[in-house]
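This is the structure I want to talk about, given as structure tokens.
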Amino acid sequence: ANAGGRMSGGAQGLRVNASTLSGVVNSGLMYGSVTGFALVGSNVSSGINNQSGGSIGGVYTGVYVTASQISGGINNASNATISATIGTGLALIGGSTLNGGITNSGLITSQVTNGLALGNAFVSGGLANNTNATISGAFSGLVINLSSITGGLTNAGLITGTTGSGINLTASGLVGNFNNQSSGTISGAQYGLTVNASTISAGITNAGLITGTSLAGMYVLSSNIGGSVINSGGTVTGSQQGLIVSGSTINGNISNSGSLQTVTYAGLAVAQTNVTGSVINQVGGSISGYYGAGFNGATIAGGITNAGL
């Protein structure tokens, strides 16, 4: 435990290699010119906890976990920071396994690349960005690539990418629901949320704001959604499209009771996609753009119903 003290090194503030330990607790400063905290080929039984007031930072990576097994989760508390100047704020890669999920109530950030990145990683216990918490990157906020998360993904805070996407889920599996709550914002310069060649077992729900400045708010490409895509009173907006679903399967409905909007093309665009349920614009729902909604090569088993605008 580092309780209010300082751990700093020429390369790493703290490095644990090929070791077994009960847990890592920080409420002080861990800083390295390469990595703040590196866990390599090791086992942790009681999690990694960056407590209130704690700061873990490095030029290349704040927290770097590779080829390791962790039980007890990774927790970044309110008023705690995990940061990187050039690389990734928090990286979980290299076949690492995490039981207990990832919970952020503070700040996870990168000044140049991605705030939080999973690459060839396996997480059980879900991923949660809590109210007033931030995951931010100069490219993307949250990147999940060739990885799996069991337990869903929930955002009630801010996940943002300055030049890329807010969240980029690629060639990965999410067992559970993707849920952007009413207090949640997911924003990116290109897309707010990208789901590419991935599977989400229990659908996508948005009650907050998902926005893409230059392209689309939400882009679902070549993916399988095992449930409905629901905009539940929230807003999905982009410069060119609001919500795009292309080359995918939606095992449920596409339902809107909020706003799907753009100023350029379509508020809702569905192409070469199989929807096993219906497309429903509910009372109070608005789909707006040059085209409100556009369909191309799509199969909508239950038809299209509009009770909104």
Side-chain angles (χ1 to χ4, degrees), residues 1-44 46-70 72-98 102-121 123 129 133-145 147 158-164 168:
N2 180 35
R6 178 186 179 97
M7 290 184 178
S8 61
Q12 279 112 20
L14 173 64
R15 179 182 175 89
V16 178
N17 184 62
S19 300
T20 299
L21 62 157
S22 62
V24 176
V25 178
N26 177 60
S27 59
L29 173 66
M30 288 186 186
Y31 181 81
S33 61
V34 177
T35 303
F37 169 50
L39 185 73
V40 181
S42 296
N43 293 280
V44 177
S46 297
I48 298 170
N49 293 282
N50 192 33
Q51 297 181 338
S52 181
S55 178
I56 305 175
V59 173
Y60 289 94
T61 314
V63 173
Y64 176 80
V65 178
T66 185
S68 294
Q69 288 75 46
I70 302 170
I74 296 176
N75 301 289
N76 189 49
S78 176
N79 196 36
T81 300
I82 298 173
S83 64
T85 305
I86 296 176
T88 302
L90 167 58
L92 184 69
I93 64 171
S96 293
T97 299
L98 172 65
I102 298 172
T103 302
N104 178 47
S105 300
L107 173 63
I108 300 175
T109 186
S110 168
Q111 295 181 28
V112 175
T113 56
N114 306 310
L116 169 57
L118 307 183
N120 188 27
V123 176
N129 189 49
T134 297
I135 300 173
S136 66
F139 188 67
S140 292
L142 170 60
V143 173
I144 302 166
N145 185 45
S147 296
L158 173 64
I159 302 177
T160 184
T162 305
T163 59
N168 192 328

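Nothing fancy with the numbering, it's 1 onward along the sequence.
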Inset, instruction - Find the distance between CG (Leu92) and CG (Leu118) and round it off to the nearest 0.5 Å. - result: 5.5 Å
Legend entry - Considering all heavy atoms, the nearest Ala80-Gln51 contact: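 Distance-wise, the nearest heavy atoms are CB-O, 3.3 Å.
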Legend entry - Interatomic spacing from CG in Leu21 to CG in Leu39 - rounded to 0.5 Å: 7.0 Å
Legend entry - Distance in Å, Ile108 CD1 paired with Thr88 OG1, rounded so as to fall on 0.5 Å steps: 11.5 Å
Inset, instruction - Apply side chain to side chain contact (heavy atoms under 4.5 Å, CB included) to Val24 and Met30, showing your working. - result: CA-CA 12 Å; Val24 176; Met30 288 186 186; 4.2 Å; yes
Legend entry - Distance (rounded to the nearest 0.5 Å) between Asn49 CG and Asn75 CG: 4.5 Å
Inset, instruction - Could you list the residues that satisfy side-chain hydrogen bond (donor to acceptor under 3.5 Å, both in side chains) with Thr160, not counting sequence neighbours? - result: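 Scan of Thr160 (side-chain hydrogen bond (donor to acceptor under 3.5 Å, both in side chains), adjacent residues dropped) gives Ser187.
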Inset, instruction - Any chance you could measure Thr97, atom OG1, to Gln69, atom CD, to the nearest 0.5 Å? - result: 5.5 Å
Inset, instruction - Examine distances only and state if a side-chain atom of Asn76 and a backbone atom of Leu107 form a donor-acceptor pair shorter than 3.5 Å. - result: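 It does hold such a pair.
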Legend entry - Which atom of Ser52 lies closest to which atom of Ser27, heavy atoms considered: O-CB, 4.2 Å
Legend entry - Backbone of Ser78 reached by a side-chain donor or acceptor of Ser105 within 3.5 Å: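 Judged by distance alone, no pair lies under 3.5 Å.
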Inset, instruction - Name all residues meeting the side-chain hydrogen bond (donor to acceptor under 3.5 Å, both in side chains) criterion together with Thr113; count only those two or more places apart in sequence or in a different chain, and write none if there are none. - result: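 Checked Thr113 against side-chain hydrogen bond (donor to acceptor under 3.5 Å, both in side chains); matches are Ser110.
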Legend entry - Check: Gly106 main-chain N/O paired with Asn104 side-chain donor or acceptor under 3.5 Å: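 Yes, because the side chain of Asn104 sits within donor-acceptor range (under 3.5 Å) of the backbone of Gly106.
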Legend entry - side-chain hydrogen bond (donor to acceptor under 3.5 Å, both in side chains) against Ser140, all qualifying residues, sequence neighbours excluded: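 Testing Ser140 for side-chain hydrogen bond (donor to acceptor under 3.5 Å, both in side chains), a comparison that skips the adjacent residues, returns none.
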Inset, instruction - Considering non-hydrogen atoms only, spot the tightest contact between Gln111 and Ala138 and give its length. - result: O-CB, 3.0 Å
Legend entry - Residue pair Ala38 / Thr35: nearest heavy atoms and the distance that separates them: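 Smallest interatomic distance, heavy atoms only, reads N-CG2, 3.9 Å.
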Inset, instruction - Identify the heavy atoms of Ala84 and Gly62 that sit nearest to each other, and give their distance. - result: CB-N, 3.9 Å
Legend entry - Smallest separation among heavy atoms of Val112 and Thr85, with atom names: CG2-O, 3.0 Å
Legend entry - Summary of side chain to side chain donor-acceptor pair (under 3.5 Å) pairs that have at least one residue in residues 56-65, sequence neighbours excluded: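 Of all non-adjacent pairs touching residues 56-65, none passes side chain to side chain donor-acceptor pair (under 3.5 Å).
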Inset, instruction - State, without any angle test, whether Ser68 and Ser42 hold a side-chain donor-acceptor pair at a distance under 3.5 Å. - result: no
Legend entry - For Leu116, the option from Val63, Ile135, Asn129, Thr109 that meets side chain to side chain contact (heavy atoms under 4.5 Å, CB included): Ile135
Legend entry - Partners meeting side-chain hydrogen bond (donor to acceptor under 3.5 Å, both in side chains) with Asn168 (sequence neighbours left out): Thr170
Legend entry - Interatomic distance, Ile48 atom CD1 to Asn26 atom CG [nearest 0.5 angstrom]: 11.0 Å
Inset, instruction - List for me each residue that meets side chain to side chain contact (heavy atoms under 4.5 Å, CB included) alongside Asn120, sequence neighbours excluded, and say none if there are none. - result: Phe122
Inset, instruction - Spell out, as yes or no, whether a donor-acceptor pair under 3.5 Å connects the side chain of Ser96 to the backbone of Ala67. - result: yes
